[in-house]
Amino acid sequence: MSTRRTFRLALATATAVSLTGGLLTLSVSTASAATPAKYGDDFNGDGFRDFASHNFSDGVVVTYGTATGPGTTSKTFTQSTAGIPGTAGDAGGYADGFGEDLATADLNRDGYADLAVADNSEKVGGKAGSGAVTILWGSKTGLSGAQAVRLKVTARSDQGFGNELETGDFNGDGKADLAVADGSEHIYIYRGGFGKSGTTGQVTRHAPSITSDYVLEYTGLVAGKVTKDKATDLYVLGQGYHNDKMTQDAWFLRGGSTIKPGKATVINGSQPDYDPTGVVADFDKDGYGDLAVSDVPYGGGAGSVVVWRGGSTGPTTKSRLSQSTSGVATAATKNDGFGSDLSAGDTDGDGYPDLAVSVPEEKVGAVKYAGGVHVLRGGRSGLTGTKSQWFSRATAGVPGSPAEYEMFGLFVRLRDIDRDGDKDLLVSDTSYSPSLMLPGTESGVGTAGAHELNVIAQLPQ
């Protein structure tokens with residue numbers, strides 16, 4: 001999870017402004033037009049998905065995939081790695097904010113996925129807290145610090161550039177783009193193609209208009225296909241202020257040749273989620289992507305997930321799921337944290353994406369803060385509690401026993417890790433210890449063959 005920086009941003013009718021002056025519309029890269037990587041996280045181009053995550057004490061850890069899942073080859077990147085700009089560490093010896101958000105895509109279309117690494121606390125040009133986003137390039141031997149470049153942006157004290165990252169084809173031209181939120185007032189979209197010299201396509205800056213009664217502080221970005229066009233759309237999550245009343249909000253930006261501001265909505269009308277998470281998936285298979293977004297403060301911290309359904313021009317109606325939803329195995333109690341992390345994927349092969357929902361502070365039996373994970377099923381009516389699954393350390397076949405304050409399920413990811421065609425569930429309780437993989441089957445996630453893997457479920461979707 002990213003560390004969030006407090007800042008205010010007015011939101012009403014959004015405007016998009018092409019960058020001029022210190023933020024130039026950069027020239028298009030002349031990088032090789034090789035076939036793009038099959039997977040946006042295959043850093044060495046061998047056809048297997050790789051695994052990148054942020055370890056607070058170490059930096060960015062990359063583990064390379066094999067035909068059966070994560071392999072034994074890993075590499076750690078910090079600003080001490082040769083070629084990576086900046087200075088690593090702080091007074092405590094940690095790798096500062098380098099890697100607190102990550103995004104993957106084949107940005108220069110050379111057949112190897114690349115890794116965008118954020119550090120919103122970085123001092124740049126003498127400007128403390130200006131922030132930076134560094135691109136590590138993929139190659140036949142994987143990622144390295146060689147030729148690593150920073151995105152071009154004017155340094156300003158405390159702007160927190162790199163507060164959030166997302167990749168997607170936001171203008172629908174077939175090239176990967178990169179969206180970056182800063183910590184003060186803008187969303188930047190860097191268009192492909194990217195070049196190792198630091199060039200990109202056009203850069204646009206998106207900023208809402210100021211009003212006297214509403215502001216928004218960005219706390220998350222979520223990219224996905226919402227409408228039926230070919231462009232990726234973008235949701236901006238944030239802490240809202242309506243006439244000085246604090247809320248949790250989401251704002252929609254529609255992708256296309258021109259990025260168009262769309263609707264904003266209130267997710268929680270009385271208390272914000274300071275570190276929300278979200279994912280876009282077509283849970284009802286109507287052709288429009290739906291946003292599932294966390295609302296952990298709901299119900300005294302019991303938590304919930306709000307689904308903002310997609311439509312032909314953007315989001316439409318909302319619904320809420322919680323542990324009070326019919327079919328969900330556990331009961332809603334204060335401070336469970338239902339929704340702390342989310343991941344989408346079709347776990348039972350019916351064509352409808354499902355949703356893994358973290359409940360890291362759930363009490364299991366008499367054990368406090370033991371944690372667990374729900375898998376909610378998608379269907380014609382969207383996400384429901386019907387046929388949902390529940391996993392904790394007390395579930396038959398799951399290794400171990402519930403432990404106080406373990407927070408099993410702090411991070412979750414649905415992904416076909418072992419390449420057998422079924423989505424597996426990866427579950428972590430920290431950002432530095434091994435994860436548990438619950439193998440997928442034709443009928444859903446199972447426990448037979450559950451085992452630990454030395455990767456973190458915090459990895460990008």
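Please read all numbers here as calculations on a predicted model, not as lab measurements.
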pair [X]-[Y]: side-chain heavy atoms closer than 4.5 Å:
X      : Y      : value
Leu291 : Val222 : yes
Ile135 : Leu151 : yes
Leu436 : Leu438 : yes
Val60  : Leu136 : no
Asp101 : Glu166 : no
Val61  : Tyr432 : no
Leu102 : Leu115 : yes
Leu342 : Val357 : yes

Only counting residues at least two apart or in another chain, list the ones meeting side chain to side chain contact (heavy atoms under 4.5 Å, CB included) with Thr73.
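Side chain to side chain contact (heavy atoms under 4.5 Å, CB included) list for Thr73, sorted by chain: Tyr64.
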Mark yes when over 12 heavy atoms from residues, nucleotides or ligands other than [X] sit less than 6.0 Å from its [atom1]; otherwise mark no.
X      : atom1 : result
Lys245 : NZ    : no
Glu404 : CD    : yes
Lys123 : NZ    : no

Between Asp41 and Arg415, is there a salt bridge with N-O shorter than 4.0 Å?
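Yes, this pair counts.
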Between the side chains of Lys225 and Asp282, is the shortest nitrogen-to-carboxylate-oxygen separation below 4.0 Å, so that they form an ion pair?
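Between Lys225 and Asp282 there is no salt bridge, as every charged N stays at least 4.0 Å from the carboxylate O atoms.
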Check step by step if side chain to side chain contact (heavy atoms under 4.5 Å, CB included) holds for His242 and Val266.
CA-CA 10 Å; His242 297 256; Val266 174; 3.6 Å; yes
Is there a side chain to side chain donor-acceptor pair (under 3.5 Å) between Gln239 and Thr219? Walk through the geometry before answering.
CA-CA 7 Å; Gln239 176 180 321; Thr219 52; over 6 Å; no
Taking [X] for the side chain and [Y] for the main chain, is one N or O donor matched with an acceptor at less than 3.5 Å?
X      : Y      : result
Lys228 : Gly287 : no
Asp106 : Gly111 : yes
Ser340 : Leu410 : no
Thr447 : Ala396 : yes
Ser428 : Ser435 : no
Asp346 : Asp348 : yes
Asp169 : Ala231 : no
Asn108 : Phe194 : no
Thr347 : Lys423 : no
Asp424 : Asp416 : no

Nearest 0.5 Å, please: how far is [atom2] in [Y] from [atom1] in [X]?
X      : Y      : atom1 : atom2 : value
Asp114 : Leu107 : CG    : CG    : 5.0 Å
Asp182 : Asp158 : CG    : CG    : 11.5 Å
Glu217 : Tyr274 : CD    : OH    : 8.5 Å
Leu355 : Leu414 : CG    : CG    : 8.0 Å
Ile259 : Phe170 : CD1   : CZ    : 7.5 Å
Asp341 : Gln458 : CG    : CD    : 8.5 Å

Validation: residues 298-309 side-chain donor-acceptor distances under 3.5 Å, sequence neighbours left out:
| from | atom 1 | to | atom 2 | distance (Å) |
| --- | --- | --- | --- | --- |
| Ser304 | OG | Arg320 | NH1 | 2.8 |
| Trp308 | NE1 | Thr316 | O | 3.2 |
| Arg309 | NH1 | Thr317 | OG1 | 3.0 |

Under the ring-ring contact (aromatic ring centres under 6.0 Å, His included) rule, what pairs show up with a residue in residues 315-368, not counting sequence neighbours?
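ring-ring contact (aromatic ring centres under 6.0 Å, His included) check on residues 315-368 returns Phe338-His374.
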Residue pair Asp110, Trp137: steps toward the side chain to side chain contact (heavy atoms under 4.5 Å, CB included) verdict:
CA-CA 10 Å; Asp110 64 353; Trp137 303 106; 5.9 Å; no
Exercise: identify the closest heavy-atom pair between [X] and [Y]:
X      : Y      : answer
Thr330 : Glu362 : CB-OE2, 3.6 Å
Arg49  : Tyr39  : CG-CG, 3.6 Å
Leu234 : Ala179 : CD2-CB, 4.0 Å
Ala403 : Val367 : C-CG1, 3.4 Å
Leu321 : Leu383 : CD2-O, 3.6 Å
Pro272 : Gln248 : CA-CB, 3.7 Å

Looking at Val279, Val226, Leu253, Val293, which one forms a side chain to side chain contact (heavy atoms under 4.5 Å, CB included) with Tyr235?
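Checked Val279, Val226, Leu253, Val293 against Tyr235; only one passes side chain to side chain contact (heavy atoms under 4.5 Å, CB included): Val226.
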Passing candidate, side chain to side chain contact (heavy atoms under 4.5 Å, CB included) with Phe51, options Ile456, Ile417, Leu453, Asn454:
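Testing Phe51 for a side chain to side chain contact (heavy atoms under 4.5 Å, CB included) against Ile456, Ile417, Leu453, Asn454 leaves exactly one candidate, Ile417.
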Any side-chain donor paired with an acceptor under 3.5 Å for [X] and [Y]?
X      : Y      : value
Ser270 : Asn268 : yes
Gln79  : Thr87  : no
Thr333 : Lys363 : no

Applying side chain to side chain donor-acceptor pair (under 3.5 Å), run through Asp119 and Ser121 and close with a yes or a no.
CA-CA 5 Å; Asp119 181 357; Ser121 64; 2.8 Å; yes
Side chain to side chain contact (heavy atoms under 4.5 Å, CB included), that's the test. Do Glu361 and Met407 meet it? Break it down for me.
CA-CA 6 Å; Glu361 298 180 58; Met407 299 180 73; 3.8 Å; yes
Could you walk me through whether Lys318 and Thr265 satisfy the side chain to side chain contact (heavy atoms under 4.5 Å, CB included) test, starting with their C-alpha distance in whole Å, then the side-chain angles of each, then the deciding distance to 0.1 Å, before giving a yes or no?
CA-CA 9 Å; Lys318 299 196 302 278; Thr265 194; 2.7 Å; yes
Angle between ring planes, Tyr188 versus Phe161, binned at 30° and 60°: parallel, tilted or perpendicular?
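It falls in the perpendicular class, over 60°.
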